[in-house]
Every structure is written in C-alpha cells, then in structure tokens.
Amino acid sequence: DQQVKQNSPSLSVQEGRISILNCDYTNSMFDYFLWYKKYPAEGPTFLISISSIKDKNEDGRFTVFLNKSAKHLSLHIVPSQPGDSAVYFCAAREDSGGSNYKLTFGKGTLLTVNP
Amino acid sequence: GAGVSQSPSNKVTEKGKDVELRCDPISGHTALYWYRQSLGQGLEFLIYFQGNSAPDKSGLPSDRFSAERTGGSVSTLTIQRTQQEDSAVYLCASSFDRKFYEQYFGPGTRLTVT
C-alpha cells in the first residue's frame with residue numbers, strides 16, 4: 001500500500017510560469033515532509049522540507065505548502081526555469097520512536113520546463 | 001567537499017551470481033542508508049546504519065541481501081544468488097546524526113541481472 005502518492009507522473013510548464021507539484025499521503029503519523037530533485041544518472045538532491053507543525057516553508061523560488069487535514073502537500077516553483085527540469089520526489093518521515101530515520105518516497109513527477 | 005560516492009556505477013551480472021555494491025558516505029556523516037529504485041517505482045528503503053550497527057534491517061527484501069559498514073564509514077551491500085527481480089538502481093545516502101531526515105544521496109549503482 002503506497003503511503004506517499006504522486007498522482008501526476010509528468011508535468012510540463014512554460015519558462016517563467018509557476019510549477020505546482022502535488023503529493024498526497026495516507027499515514028497520519030508522518031511528521032516531516034521533504035522534496036527531492038533528481039537529474040538523470042544522478043542521485044536525488046534534497047530541495048526543501050517542512051515540519052507537520054507548519055503549513056508553509058519558503059526557500060527562494062521554492063515553496064512547500066502542507067494541508068494536514070487533507071493529507072496533501074505541494075511544491076511551488078516560481079518562476080520556473082529550464083534547469084528545474086527533473087524528477088521531483090515527495091518523501092515523508094514517520095515519527096515512530098526508533099524508526100524515525102526512515103523516509104517513505106513517492107514515485108516521482110517528471111517536470112519539464114519549456115523555454 | 002566530496003559527496004557520497006558509489007561503485008560501480010553500472011553492474012551487469014548473470015542470474016545466480018553474487019554482487020557487492022560499495023558506498024563511501026560524506027565524511028563526518030554518522031548515518032548511512034541504502035535504498036533501491038526499481039523501474040517506475042519510488043525509492044524503497046532497504047537498511048539504515050548508525051555508526052557500524054544496523055538497528056533496522058526490515059527493509060531488506062530477502063535473506064539474500066546483506067549489508068555491513070566498517071569504521072563508521074564505507075558500507076557494502078551484498079546480494080547473493082542474484083535474481084532478475086533484483087535489477088534496479090541501488091542508492092546510498094548519508095546524513096548527520098541530528099539531521100537524519102536531510103539525506104545526501106550518491107549517484108547510485110545500476111544493477112542488471114541477466
């Protein structure tokens with residue numbers, strides 16, 4: 001059973017516009033959420049995170065929004081740039097005492113930013 | 001500074017052979033993680049090391065999989081009697097103890113079992 005779901009396998013946006021990547025989760029014990037970016041033939045790179053006690057975290061062009069009641073988070077990239085083209089993974093941590101090192105990942109969304 | 005490195009970058013092996021995958025974490029990172037990504041899937045957690053010990057091995061798919069870490073640094077993931085379903089990209093990550101949720105990944109080893 002997938003606990004972290006990224007329902008859009010791909011997304012295409014125009015350069016300069018906003019990119020919105022979505023992620024849904026089912027486990028109410030998740031207390032920390034992260035976004036990773038992955039280029040081909042490279043490992044994922046940490047992008048931005050948010051604690052479950054917050055509803056927004058912003059870092060430059062990247063903002064993550066968390067809606068706990070809907071068990072939904074989103075990553076906004078504005079303005080989008082061609083270099084943002086990559087696969088974006090949503091991940092979550094469950095605070096379950098001794099198991100709080102483990103991240104559960106979604107399947108990823110391929111973002112393509114067209115010049 | 002140097003990031004997480006993994007070797008080999010690609011490995012093709014015949015079904016039934018054993019393989020060893022190596023990970024060199026970022027210097028000073030006490031936590032080390034192994035994941036795998038099968039085609040079209042997300043990252044699947046395999047095992048976690050804190051120092052040289054592995055508190056949780058429950059993510060390992062079968063007893064053909066084992067991992068060790070020595071000197072609180074290099075880790076080796078061993079797959080015995082490889083099967084075709086073991087074909088995947090195996091990713092290693094490391095982190096500081098206090099920020100274990102911000103993991104830094106290596107480029108991965110692409111394993112193909114023929």
Side-chain angles (χ1 to χ4, degrees), chain A residues 1-10 21 23-27 29-54 57 59 64 86-110, chain B residues 2-10 21-26 29-51 53-60 69 88-110:
Chain A
D1 181 35
Q2 246 195 312
Q3 298 187 65
V4 177
K5 299 178 184 178
Q6 294 177 256
N7 292 320
S8 297
S10 63
L21 298 120
C23 179
D24 296 293
Y25 62 95
T26 57
N27 188 342
M29 295 300 291
F30 286 147
D31 72 335
Y32 212 89
F33 303 88
L34 304 90
W35 285 93
Y36 281 83
K37 178 170 74 172
K38 184 182 183 302
Y39 293 119
E42 295 183 10
T45 303
F46 170 73
L47 193 58
I48 192 169
S49 63
I50 187 168
S51 164
S52 61
I53 63 173
K54 296 185 176 181
N57 188 27
D59 184 2
V64 57
V87 176
Y88 288 79
F89 289 99
C90 172
R93 178 196 83 155
E94 175 180 343
D95 186 9
S96 55
S99 300
N100 59 2
Y101 45 80
K102 177 180 174 180
L103 296 180
T104 302
F105 284 81
K107 292 186 178 182
T109 296
L110 173 62
Chain B
V4 177
S5 61
Q6 292 185 246
S7 60
S9 55
N10 280 286
L21 312 179
R22 177 188 168 107
C23 172
D24 283 273
I26 292 173
H29 280 190
T30 56
L32 185 146
Y33 316 80
W34 282 98
Y35 295 85
R36 75 174 176 182
Q37 185 180 17
S38 302
L39 192 63
Q41 301 298 312
L43 278 71
E44 175 190 9
F45 170 84
L46 298 179
I47 190 170
Y48 152 78
F49 286 92
Q50 180 57 42
S53 64
D56 185 353
K57 304 177 182 179
S58 62
L60 295 177
R69 189 179 185 195
V89 176
Y90 289 81
L91 291 155
C92 174
S94 68
S95 71
F96 286 113
D97 195 23
R98 284 177 296 175
K99 285 202 168 186
F100 51 84
Y101 39 79
E102 292 179 6
Q103 300 175 15
Y104 293 82
F105 283 81
T109 293
R110 181 175 296 279

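Only the side chain of A:Leu34 comes within less than 4.5 Å of a heavy atom in chain B; its backbone stays farther off. Looking at B:Leu43, the atoms closer than 4.5 Å to chain A (heavy atoms on both sides) sit in the backbone and in the side chain alike.
In summary, the side chains of A:Tyr39 and A:Thr45 do not present any donor paired with an acceptor at a separation below 3.5 Å, with no hydrogens or angles considered.
For chain B, the option among A:Pro44, A:Gly106, A:Ala41, A:Cys90 with the highest count of heavy-atom pairs below 4.5 Å is A:Pro44.
Here the closest non-hydrogen pair linking A:Tyr88 and A:Gln6 is O-NE2, 2.9 Å. Across all non-hydrogen atoms, the minimal contact from B:Gln37 to B:Ala88 is O-CB, 3.5 Å.
The side-chain contact (heavy atoms from CB on, under 4.5 Å) check on A:Lys54 picks up A:Ile50, with sequence neighbours excluded.
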